[in-house]
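Predicted, not measured: the structure shown is a model, and the values here were computed from it.
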Amino acid sequence: MTEISDSSSLKVELAIIGAGPVGTSLAILATRAGFATLLVDARDPDAAPPQDTRNFAIVRGSWRLLGATGVHQALAGQTEPLLGLEATDGGRHWFGAPSVLFDTVDLPEDDQGEPLGQMVPAAALQAALDTVAADEPNLTWWRNTRFAGLTTGPAHALINMEDGRTVTAGLVAACDGVNSGVRKALGITTEGRAYGKSVFAADVKLSRPHEGLARQLFTPEGPFATLPLPGNRANLAWYMKTGAAEAMAKQPVEAIEAELNARFSNFAGPVTLDGPPLAYPLHLKLATRLVAQRGALLGDAAHRINPLAGQGLNLGFKDVGALIDVMTESRSVGLDPGSDTSLQRYQQWRRFDAATAAMFMDVVDRAFSNDNAILKPLRGLALTAASRIGPIRRAMARQASADQPSLPSLMR
């Protein structure tokens with residue numbers, strides 16, 4: 001890894017702005033694919049990392065892509081296999097609460113015996129990717145460096161940093177999050193809305209085995225989910241009205257535990273907090289396009305969707321895999337990987353998938369977060385059909401776990 005360039009100006013094939021999991025994994029994979037790559041990282045390496053208690057459900061396809069970066073070994077002992085996904089309608093029903101369970105047997109056999117996915121602590125994933133990136137000899141990594149602006153032309157983009165350094169890049173990858181400065185500099189607008197909901201999230205200790213299942217209970221107020229963690233622990237997410245989740249997170253531990261157990265002990269069993277809770281508002285934000293001249297959007301810079309099924313980061317990893325494939329295939333036939341022709345292929349590949357995922361999460365949330373007398377039997381029928389009809393259940397399991405032939409090559 002090259003930490004700092006002695007020159008005030010640098011020329012690369014790919015400049016990545018943003019060094020979260022999406023940006024760092026893209027930097028590692030692009031470098032290994034033979035592209036001269038710069039990773040621009042705003043974090044101060046001498047500062048203690050901020051506390052991050054989030055946990056990611058990394059599905060099978062994304063776990064394969066992460067395996068290509070080399071982080072599996074660094075994450076050993078810190079992950080929990082995701083063996084099944086269960087959804088239950090908790091509204092009032094005449095004949096019990098309908099539910100559906102997808103598990104590993106609903107997926108094609110994996111050569112490595114991988115389950116549906118892995119639960120991975122956010123802080124551990126970032127640390128593992130940082131370690132791998134630091135050992136990548138051909139990657140240029142500008143740390144404690146902030147993006148200031150860019151101009152693009154037919155042949156390259158000129159990127160300016162706040163410290164005065166510049167880089168000329170054949171392609172700029174915006175991996176700088178939901179409020180992306182690169183997206184704004186490229187002139188790409190967004191569409192979306194506030195959901196009027198927030199998520200209360202916390203790690204908890206369970207009183208009964210989780211058996212590797214991610215379980216989701218749909219209540220009229222909103223979903224409540226438990227995601228399995230090592231040591232018979234779980235990461236729970238409770239959708240509430242904006243303001244209520246934030247107020248809940250500020251309550252004393254005893255009050256939080258009493259509320260959770262009064263509401264959900266029948267579903268999750270009695271729980272105790274195992275770390276500080278947090279709350280965050282939900283917003284839908286989709287870029288109106290994923291590419292501009294010499295620029296491409298990935299991850300939250302391209303799409304922030306309802307995290308109902310944990311697909312947000314997994315969509316970002318699909319973006320990474322697709323961009324690597326597009327760049328590699330363009331180079332193999334003599335095309336410029338950053339040209340409009342190449343980038344249009346990336347957009348065609350990824351835009352529909354992201355928009356479809358966002359729309360599907362919206363539909364599920366609206367359909368299940370109520371006690372409507374008309375919708376209840378319809379959604380009960382849908383869950384029953386998904387549970388009992390094998391082809392439907394298997395198709396949904398493959399979609400949820402990102403295990404499909406049409407995925408980028410690193411995810412297959």
Between [atom1] on residue [X] and [atom2] on residue [Y], distance to nearest 0.5 Å:
{"X": "L66", "Y": "Q118", "atom1": "CG", "atom2": "CD", "answer": "10.5 Å"}
{"X": "L213", "Y": "L116", "atom1": "CG", "atom2": "CG", "answer": "9.5 Å"}
{"X": "L125", "Y": "R54", "atom1": "CG", "atom2": "CZ", "answer": "9.5 Å"}
{"X": "F35", "Y": "L29", "atom1": "CZ", "atom2": "CG", "answer": "11.5 Å"}
{"X": "Q126", "Y": "S25", "atom1": "CD", "atom2": "OG", "answer": "9.5 Å"}
{"X": "R32", "Y": "T69", "atom1": "CZ", "atom2": "OG1", "answer": "6.5 Å"}

Is a side-chain donor or acceptor of [X] paired with a backbone partner of [Y] at a separation under 3.5 angstrom?
{"X": "T288", "Y": "T189", "result": "yes"}
{"X": "R294", "Y": "G170", "result": "yes"}
{"X": "D319", "Y": "G299", "result": "yes"}
{"X": "Q344", "Y": "T341", "result": "no"}
{"X": "R183", "Y": "L297", "result": "no"}
{"X": "H72", "Y": "G67", "result": "yes"}
{"X": "R60", "Y": "R412", "result": "no"}
{"X": "R351", "Y": "Q348", "result": "no"}
{"X": "D274", "Y": "R233", "result": "no"}
{"X": "T242", "Y": "K197", "result": "yes"}

Show your reasoning for whether side chain to side chain contact (heavy atoms under 4.5 Å, CB included) applies to T37 and I16. CA-CA 8 Å; T37 302; I16 302 165; 3.7 Å; yes

inquiry  = Before you tell me yes or no, could you show the steps for R165 and L10 under side chain to side chain contact (heavy atoms under 4.5 Å, CB included), namely the whole-Å CA-CA distance, both residues' side-chain angles and the distance that decides it to 0.1 Å?
reply    = CA-CA 8 Å; R165 285 181 293 174; L10 178 72; over 6 Å; no

Worked check of side chain to side chain contact (heavy atoms under 4.5 Å, CB included) between L282 and Y239: CA-CA 9 Å; L282 297 180; Y239 286 54; 3.4 Å; yes

| task | Please test Q216 against T88 for side chain to side chain donor-acceptor pair (under 3.5 Å), starting from the C-alpha separation and ending with a verdict. | result | CA-CA 6 Å; Q216 191 149 257; T88 301; over 6 Å; no

Decide, yes or no, whether a salt bridge links [X] with [Y] under the criterion of side-chain N to carboxylate O below 4.0 Å.
{"X": "E329", "Y": "R345", "answer": "yes"}
{"X": "D176", "Y": "R146", "answer": "no"}
{"X": "R215", "Y": "E86", "answer": "yes"}
{"X": "R43", "Y": "D130", "answer": "yes"}
{"X": "R263", "Y": "E221", "answer": "yes"}

| task | Mind telling me whether F264 and F224 have parallel, tilted or perpendicular rings, with 30° and 60° as the class edges? | result |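 Ring orientation, 0 to 90° scale: parallel.
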
Please tell me if the side chains of [X] and [Y] come closer than 4.5 Å, counting only heavy atoms from C-beta onward.
{"X": "D41", "Y": "N144", "value": "no"}
{"X": "T140", "Y": "W142", "value": "yes"}
{"X": "F317", "Y": "P21", "value": "yes"}
{"X": "T24", "Y": "V132", "value": "no"}
{"X": "L273", "Y": "E257", "value": "yes"}
{"X": "N55", "Y": "L227", "value": "no"}
{"X": "L286", "Y": "T190", "value": "no"}
{"X": "D336", "Y": "S342", "value": "no"}

>> Under the criterion side chain to side chain contact (heavy atoms under 4.5 Å, CB included), I'd like the reasoning laid out for L150 against N160: C-alpha separation, chi angles, the key distance, then a yes or no.
In response: CA-CA 6 Å; L150 62 79; N160 303 304; 5.9 Å; no

For [X] and [Y], which heavy atoms make the closest approach, and how far apart are they?
{"X": "P277", "Y": "A249", "answer": "CG-O, 3.6 Å"}
{"X": "Q78", "Y": "A124", "answer": "OE1-CB, 3.2 Å"}
{"X": "L343", "Y": "G338", "answer": "CD1-O, 3.6 Å"}

Does N138 form a side chain to side chain donor-acceptor pair (under 3.5 Å) with T31? I'd like the steps, not just the answer.
CA-CA 7 Å; N138 297 318; T31 301; over 6 Å; no

